[in-house]
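Notes for the one structure printed next.
In what follows, every chain begins at residue 1, and chains take the letters A, B, ... in the order their sequences are listed. The structure presented is a predicted model; accordingly, all values stated were derived computationally and were not measured.
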Protein chains: 2
Amino acid sequence: MTQVKLYDTTLRDGMQGQGMSLSAAEKLRVVQALDRLGIHYVEAGFPSSNPKEAELFRLLGETELEQATICAFGMTRRRGIAADEDPGLRALVDTAAPVCTLVGKTWGLHLEKVTGASREENLTMIVDSVNYCRAAGKRVVYDAEHFFDAWVDDRGYALECLRAAAAAGAENVTLCDTNGATLPADAAAAAAAVVAELDRRVEVGIHTHNDAECAVASSLAAVEVGASLVQGTINGYGERCGNANLVSILPALQLKLGREVVPRDRLRLLTETAHLVDELTNTTPDADQPYVGRNAFAHKGGMHVAGIQADARTFEHLDPGLVGNSRDVLISELSGKGSVLSRAERAGIELDADSAKRALERIKEREHRGYHYEAADASFELLLRREAGSYQPLFRLESFRVIVEKRADGRVETEATIKIWVEGRRYVRTAEGNGPVNALDRALREAIGELHPHLADIELSDYKVRILDSHQGTGAVTRVLLDSTDGQESWGSLGVSENVIEASWEALVDSLEYAFQPRTPAAAERGAAEPSVVR
Amino acid sequence: MTQVKLYDTTLRDGMQGQGMSLSAAEKLRVVQALDRLGIHYVEAGFPSSNPKEAELFRLLGETELEQATICAFGMTRRRGIAADEDPGLRALVDTAAPVCTLVGKTWGLHLEKVTGASREENLTMIVDSVNYCRAAGKRVVYDAEHFFDAWVDDRGYALECLRAAAAAGAENVTLCDTNGATLPADAAAAAAAVVAELDRRVEVGIHTHNDAECAVASSLAAVEVGASLVQGTINGYGERCGNANLVSILPALQLKLGREVVPRDRLRLLTETAHLVDELTNTTPDADQPYVGRNAFAHKGGMHVAGIQADARTFEHLDPGLVGNSRDVLISELSGKGSVLSRAERAGIELDADSAKRALERIKEREHRGYHYEAADASFELLLRREAGSYQPLFRLESFRVIVEKRADGRVETEATIKIWVEGRRYVRTAEGNGPVNALDRALREAIGELHPHLADIELSDYKVRILDSHQGTGAVTRVLLDSTDGQESWGSLGVSENVIEASWEALVDSLEYAFQPRTPAAAERGAAEPSVVR
């Protein structure tokens with residue numbers, strides 16, 4: 001079997017996705033993470049497009065990578081000028097990237113409606129551009145834009161474009177489903193024909209978009225008929241419905257189709273790489289994402305949990321550890337006592353039959369009011385501790401008051417005052433903040449920070465607010481989810497109230513209290529042995 | 001070609017997804033929407049599981065549907081008791097649903113590790129259960145759980161289970177990829193073999209999960225080899241990574257594979273059905289969702305916009321109107337003057353070259369600070385109006401103050417005071433609210449509601465808060481997105497500030513001001529002719 005290589009275009013095509021933006025330094029971190037994961041080619045960008053790209057190529061020139069090859073992306077030369085006079089092509093060969101990826105036309109409709117070039121002229125544009133990059137000592141990938149539409153329209157001409165690129169020295173021709181129109185069976189049929197026609201004198205690649213929710217399947221289908229390069233993005237970022245998701249393609253190739261794409265120990269970096277890139281692009285990780293999502297190996301029903309305990313293969317399509325993910329048992333309206341007991345055990349909380357029953361009733365009652373514990377492990381653990389009698393409050397609240405004022409001069413001032421009791425002593429503290437939650441957080445830390453110096457390590461890392469039931473006209477309820485971290489561990493807490501400030505306060509208190517609950521050594525040990533507990 | 005039918009399990013398997021919960025009344029609304037869309041079979045639930053399900057079956061008994069057939073879901077009889085003594089089966093045949101869907105085992109590993117039944121005993125359990133439902137006058141679908149794993153393990157026994165169900169009178173045997181392990185090529189090979197082996201004496205269905213991001217592709221592949229029933233959920237809800245997404249399967253079957261699944265005019269209900277179900281389940285619609293997402297036909301790059309204007313086929317895989325969606329031109333860091341002018345024109349704003357240039361600079365500068373106009377058309381239009389000189393403010397703010405107090409008795413009180421100027425007059429108003437944004441909204445409406453009675457029609461329908469850049473350590477910025485509606489039209493506005501209250505205020509003011517901008521009759525007309533403007 002041909003060795004399959006992965007080509008990442010997160011930093012170019014992925015950045016076309018809605019709301020995507022990365023600084024040059026962040027892009028460098030993405031390149032390094034992809035390199036560690038074992039991705040073979042990393043497309044860094046479009047050198048002519050803006051100064052940020054130039055800065056990235058400069059940074060890359062100073063960076064040593066383990067194994068990845070950097071590619072620079074550009075278009076075939078413009079009409080009516082020589083390749084060496086085209087500023088885009090010149091910028092392309094001027095970077096230190098050893099590979100130039102050239103996108104060009106293959107579809108008559110685009111020649112007619114978009115570029116205005118004749119079919120002959122388009123072939124010359126392809127040949128000139130590949131020649132120019134080759135003469136500058138570059139390896140060339142030719143991205144055949146809209147290839148599958150072109151194939152349906154006029155397969156003879158589509159092939160002619162590929163042959164022209166190959167004859168001029170492109171080492172790879174990649175078939176692009178630019179509009180995402182193509183279903184896997186059609187993609188496979190066209191790719192098989194191209195592989196046969198080109199007689200394996202040039203590598204064939206595949207580049208798909210997810211408009212039919214089939215980008216991963218089309219990529220895999222093309223590999224099965226002989227394509228040896230798969231282009232895609234991390235987490236499937238990209239315009240419209242996204243590009244082919246390399247995070248799903250890599251484990252399918254390696255674990256389901258038996259292709260050795262990256263060394264096996266690197267595959268374990270998949271989950272952390274996917275999450276790191278989400279973090280850098282400020283994207284909320286998709287909890288349901290295949291392989292790496294935190295629900296991907298989550299079990300809810302009582303029967304599933306029992307089955308998994310007997311033999312993981314009963315309800316898991318692969319061992320989550322192989323892709324760096326872990327199994328999780330979710331808490332929900334549908335879940336039974338078994339799940340609650342299993343969560344309690346992992347947290348080291350001793351829950352007898354009565355308290356387990358009370359906890360279940362409490363969970364049901366609170367879920368009915370809008371609480372959802374699935375993303376709020378800290379609040380859930382505190383609920384169990386309250387029922388088990390092992391909950392230790394940090395303080396007792398008497399009252400708080402938050403004032404936000406936008407003054408006539410345009411300045412905004414926020415202050416929070418809290419009155420709390422700790423070990424029989426009353427603390428009244430006022431703090432300013434850049435927002436109401438920040439001010440409350442500061443006032444609370446001022447009151448109890450001396451008693452608990454570890455508080456200084458805890459940071460609030462994300463804060464999300466949703467309005468629930470607004471369409472039911474029953475009075476809107478606000479749900480606040482807070483993510484916190486102490487640099488080692490991350491946890492989620494939640495609050496629900498009509499009032500966003502009160503809901504935030506509830507989540508804030510849970511977040512801090514969670515960090516200070518007494519943990520038995522056994523629980524800590526289980527935590528270390530079983531990474532799934534960190535969530 | 002066989003007629004392909006769709007079988008929706010949103011209300012049963014979809015409800016296994018994280019955070020999913022619907023009341024009986026909401027489930028009825030889902031059933032009615034699926035019926036209107038033309039879905040052939042709707043699985044209403046698991047009659048034995050809880051009183052909510054009983055209530056739904058009661059409501060369904062009183063409801064007339066246009067064409068959908070209701071299915072009730074249950075398991076084959078338990079070990080060691082007769083079918084007519086099994087409470088689950090009795091509950092199943094007791095509903096008014098004409099179809100019973102029975103899930104049963106086909107995989108040796110599950111018999112061994114989960115049920116403990118022998119292979120013989122399992123066959124008897126299948127036969128008895130189908131017989132019992134048939135004797136009660138029901139049509140039967142047999143869901144062969146873990147079929148594809150069973151097929152790899154022991155295809156002889158897997159087929160024996162299907163034949164047993166068919167011989168006892170099941171009209172359909174559905175092959176379930178319960179763990180989502182199977183890739184499309186393997187699913188198609190197994191389904192083709194089953195279709196051939198069963199000699200078309202019984203219908204074959206397909207039920208897949210999305211753990212390999214291939215659920216849609218596997219479903220389509222099974223249809224191409226002769227499966228005639230596709231089970232899935234709306235928007236792909238379901239546990240772990242979700243079930244096969246009927247919202248992607250339906251248009252692919254109908255528009256790409258040429259199967260007449262639902263009448264063509266019903267296909268136009270696809271987008272609104274998908275969004276309605278998201279609304280009922282309180283799920284944020286996935287903007288990138290194939291076919292129905294608001295980015296699915298969004299165009300960003302200048303070249304794409306020009307291409308679409310020349311011929312939509314250049315950059316669109318199908319006409320968005322066929323699935324009830326619409327084209328959109330996004331505004332972003334990467335977009336050019338063309339997109340801005342096209343948005344301005346659609347909103348009826350006259351923007352000359354200078355003001356377009358200023359608007360672009362303003363957009364770039366604000367995007368840099370965390371504004372993202374892609375989901376905030378109202379704020380974007382106001383920005384353009386400000387540059388065009390056609391912006392009409394509702395009022396001028398002098399100052400506001402919000403106080404949220406949690407008192408010693410546990411009660412929470414919120415009040416907002418605003419001082420504003422309208423037409424030379426100063427208004428000072430204080431209002432209470434169930435939260436700070438609500439209190440500000442009320443105070444503002446008290447001040448200007450008399451001048452603008454249409455304000456009473458405007459409702460805030462969703463409110464979302466995200467923290468930006470928190471991982472960059474540059475000081476967190478809060479972005480608030482507000483969705484509003486006047487019952488006819490919906491629009492989004494946004495605010496960005498360190499302070500969540502100030503960001504909310506900014507979004508609130510944009511939301512209300514948007515509704516009161518003077519619109520030219522031409523723009524209103526364009527709006528009516530081109531539904532894409534409503535966003």
Next on the checklist: In this structure, is the centre-to-centre distance between the rings of His110(A) and Phe315(B) below 6.0 Å?
Outcome noted: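 Between His110(A) and Phe315(B), which both carry aromatic rings, the centre distance is below 6.0 Å.
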
By a 4.5 Å heavy-atom criterion (distance strictly below it), what part of [X] contacts chain B: side chain, backbone, both, or neither?
{"X": "Glu413(A)", "value": "neither"}
{"X": "Ala185(A)", "value": "side chain"}
{"X": "Val412(A)", "value": "side chain"}
{"X": "Gln289(A)", "value": "backbone"}

Atom [atom1] of [X] and atom [atom2] of [Y]: how far apart are they, to the nearest 0.5 Å?
{"X": "His317(A)", "Y": "His209(B)", "atom1": "NE2", "atom2": "NE2", "value": "12.0 Å"}
{"X": "Asn210(B)", "Y": "Asp288(A)", "atom1": "CG", "atom2": "CG", "value": "9.5 Å"}
{"X": "Glu502(B)", "Y": "Thr414(A)", "atom1": "CD", "atom2": "OG1", "value": "9.0 Å"}
{"X": "Asn434(B)", "Y": "Glu498(A)", "atom1": "CG", "atom2": "CD", "value": "4.5 Å"}

Got [X] and [Y] here, is their nearest side-chain heavy-atom distance under 4.5 Å?
{"X": "Arg401(A)", "Y": "Val404(B)", "answer": "no"}
{"X": "Leu109(A)", "Y": "Arg313(B)", "answer": "yes"}
{"X": "Pro436(B)", "Y": "Asn499(A)", "answer": "yes"}
{"X": "Glu239(B)", "Y": "Asn295(A)", "answer": "no"}

Checklist entry - With sequence neighbours left out, what residues match Glu112(A) under salt bridge (charged side-chain N to carboxylate O under 4.0 Å, His left out)? => result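 Testing Glu112(A) for salt bridge (charged side-chain N to carboxylate O under 4.0 Å, His left out), a comparison that skips the adjacent residues, returns none.
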
Checklist entry - For Asp211(B), which residues count as a salt bridge (charged side-chain N to carboxylate O under 4.0 Å, His left out) partner, sequence neighbours excluded? => result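 Only Arg240(B) meet the salt bridge (charged side-chain N to carboxylate O under 4.0 Å, His left out) criterion with Asp211(B).
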
Which residue out of [options] racks up the most heavy-atom pairs below 4.5 Å with chain A?
{"options": "Glu316(B), Lys406(B), Glu398(B)", "value": "Lys406(B)"}
{"options": "Gly238(B), Ala215(B), Gly410(B), Ala296(B)", "value": "Ala296(B)"}
{"options": "Val216(B), Thr314(B), Ile403(B)", "value": "Thr314(B)"}
{"options": "Ala310(B), Ala287(B), Ala408(B)", "value": "Ala408(B)"}
{"options": "Gly180(B), Ala503(B), Ala252(B)", "value": "Gly180(B)"}
{"options": "Asp311(B), Asp177(B), Asp409(B)", "value": "Asp311(B)"}

Next on the checklist: Which heavy atom of Ala217(B) sits nearest to which heavy atom of Pro184(A), and what is that distance?
Outcome noted: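 Minimum heavy-atom contact is CB-CG, 3.9 Å.
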
Item to check | Donor-acceptor side-chain pairing of Asn245(A) and Glu213(B) below 3.5 angstrom | outcome: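 A pair is found: one side chain offers a donor N or O, the other an acceptor, under 3.5 Å apart.
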
Checklist entry - Which atoms of Leu397(B) come close to chain A, meaning under 4.5 Å heavy atom to heavy atom: side chain ones, backbone ones, both, or neither? => result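 Side chain only.
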
Item to check | Expected output: side-chain Lys256(A) to main-chain Ala181(B) donor-acceptor under 3.5 Å | outcome: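 Yes, Lys256(A) side chain to Ala181(B) backbone: donor-acceptor pair under 3.5 Å.
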
Next on the checklist: Set out, in order, the CA-CA distance, both residues' side-chain angles and the distance that settles side chain to side chain contact (heavy atoms under 4.5 Å, CB included) for Leu220(B) and Cys214(A), then state yes or no.
Outcome noted: CA-CA 10 Å; Leu220(B) 298 177; Cys214(A) 289; 4.2 Å; yes

Checklist entry - Given the options Ser399(A), Gly236(A), Cys241(A), Gly435(A), which has more heavy-atom pairs under 4.5 Å with chain B than any of the others? => result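 Among Ser399(A), Gly236(A), Cys241(A), Gly435(A), the one with the most close pairs to chain B is Cys241(A).
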
